[in-house]
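Everything on this sheet refers to the single structure shown next.
Just so it is clear: chains get the letters A, B, ... in the order the sequence lines come, proteins before strands, and each one is counted from 1.
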Protein chains: 2
Amino acid sequence: MSELQWKSALYDLRSQIVSGELVGGTKLRASHLAGEMGISRTPIGEALIKLEGEGLLVRDKSGFTVRSFALDEVHDAIDLRGLLEGAAVQRAAERGISDVELKQLQGMLLEFDRVLKGGDVAEYDQLNVEFHHTLTGLSGSDILIAEVERSYRFPFAGPSAFPTQQSDSDRFRASLIVGQQHHQQIVSAIAKREGGRAFALMCEHARLAHENVRAAIEAREHAPQLALVRNAK
Amino acid sequence: MSELQWKSALYDLRSQIVSGELVGGTKLRASHLAGEMGISRTPIGEALIKLEGEGLLVRDKSGFTVRSFALDEVHDAIDLRGLLEGAAVQRAAERGISDVELKQLQGMLLEFDRVLKGGDVAEYDQLNVEFHHTLTGLSGSDILIAEVERSYRFPFAGPSAFPTQQSDSDRFRASLIVGQQHHQQIVSAIAKREGGRAFALMCEHARLAHENVRAAIEAREHAPQLALVRNAK
DNA sequence: ATTCATTTATTTGCATGCATATATTCGCAC
DNA sequence: GTGCGAATATATGCATGCAAATAAATGAAT
């Protein structure tokens, strides 16, 4: 039951980073963190190494620093996510999915419709994550699934990465509607085994995030992920 | 000048794994390795964590084990490499490359021709790695470059991953010639800014590795990477 | 011989000491 | 005040001790 200490430290630090509590450029000192968290430096060190592997920290000759992303990198990461998720749905389409799997996707689409009418953003967010996870899983390729999940680590690249503060803007509302149209077409493409179309749609779907990033920066809205982006906000 | 110990251990262990010295499924005990390498367990531990992050080791509740790959995973990894390198050359094509960059690529193509006539496989191998590295770099996306490099870690997925023992077989010789045709067409597509074509060509180019894997297994040839593949050889 | 429980031997996860490398502070000249 | 070097303080990299967890070995029962 007692979680390993390096895992707790890992979760703790990771959430502090992606939530913007630890701004990009912050130096992370193992000894200091150890004292702060009441454990020794060893498990902290393991967590830091893992976070470096995830690309959230960079290590120079004297310690770890929270990575900061150039704006170009943020956009490139979004495209990477689209590419990988696109490849996943293409595979799903081309190998074909079962009736029950299709029914499940269609059920989610109806849920989306419902949430878009009356639900709040958090509800949409959760459903969206679940939907993308399901689509990726249908690829049947563990390698691809792992890489898609990995691509989510970059700021704004994950399916739940849109700034919640924009939730009432017209632009954001519209992008959700377009996104739902994408979702429907992607499921349709998979059902018809149109792999190329599914791929293209998913790439385009990811690109919606580009506008969200731009809007968040332009409006100087407080989105947690912005803490990791250089020269922004 | 004195390399950090955990780095030496990392390089050492990684090369032992990909060279097949450490077969898939082997358990790696930090204390034992420490004694063997004449250093303490701490730097060994760091190396093991990093190798887990690279996907070469898996960690269960009591230690690290050399990962073994299902045959499907090997083929999926090859496709992943093609996808990522394909995206890289597409970007290179669409943003355009300079004259000097084009000249450099064309110079490499001539080198390939020369090596294909008279050179040995090692020479080809080195040139191939360099060529793929150059192409990927022309994408101009650090994110993509890093992910391409990362995709090379899987057995048979890297550009230098073909079994050297096949070097004299007719089939292998033919695949080198087809590969060179791909190289030429990819450079041509980039030069003409035909991104979609470059992408498709690179995907197809990676697929040559599928046949190499199959041939290595069928012929029960000794390829080092086979040590990581389950139920093979 | 095979299964199972018990004992023994290793190994891991974490804490911590120490030497060296790095950062910080201080002092002094300008 | 600013720039530069020495002195001090702090953090890292590695080694190692120790308790708890895991693996290996032993042996009894079937």
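Closest approach to the B:Gln5 side chain among D:dC14, C:dA23, C:dC14 is made by D:dC14 (side chain taken as heavy atoms from C-beta onward). Considering only the side chain of A:Ser40, C:dA15 comes nearest among D:dG13, C:dA15, D:dC14. Checked against D:dA15, D:dA11, C:dT22, the side chain of A:Ser31 finds its nearest nucleotide in D:dA11.
If you find the closest nucleotide of DNA chain D to B:Thr42 and to A:Leu28, the one lying nearer the 5' end belongs to A:Leu28.
Whole-Å rounding puts the B:Leu4 CG to C:dA19 P distance at 19 Å. Here C:dA21 presents its C1' atom at 16 Å from CD of B:Glu3, a figure rounded to the nearest Å. Atom CZ in B:Arg41 sits roughly 10 Å away from atom P in C:dT11 (whole-Å rounding). Rounding to whole angstrom units, CZ of residue A:Arg29 and P of D:dT10 are separated by 11 Å.
At the phosphate of C:dA23, OP1 or OP2 sits under 4.0 Å from a side-chain N or O atom of A:Lys27. The phosphate of D:dA21 (OP1 or OP2) has no side-chain N or O of B:Ser62 nearer than 4.0 angstrom. Distances shorter than 4.0 Å separate none of the side-chain N or O atoms of B:Lys7 from OP1 or OP2 on D:dG13.
Comment: A:Arg91 does not engage A:Glu94 in a salt bridge, judged by the lack of any side-chain N to carboxylate O separation of less than 4.0 angstrom.
Under the 4.5 Å side-chain criterion, counting only non-hydrogen atoms from C-beta, B:Arg14 is in contact with B:Glu54.
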Distances under 3.5 Å only, N/O to N/O: pair up the protein atoms with those of nucleotides 4-9 of chain D.
none

Start with the C-alpha distance between B:Arg59 and A:Glu46, add both sets of side-chain angles, then the distance that settles salt bridge (charged side-chain N to carboxylate O under 4.0 Å, His left out), and finish with yes or no.
CA-CA 13 Å; B:Arg59 186 179 202 173; A:Glu46 296 205 16; 3.5 Å; yes
Tell me, with the steps shown, if A:Glu85 and A:Arg81 meet salt bridge (charged side-chain N to carboxylate O under 4.0 Å, His left out).
CA-CA 6 Å; A:Glu85 283 192 343; A:Arg81 196 256 284 194; 3.1 Å; yes
Please report the C-alpha distance between B:Lys27 and B:Ser62 in whole Å, then the side-chain angles of each, then the deciding distance to 0.1 Å, and finally whether the side chain to side chain donor-acceptor pair (under 3.5 Å) criterion is met.
CA-CA 10 Å; B:Lys27 203 127 190 233; B:Ser62 93; 3.2 Å; yes
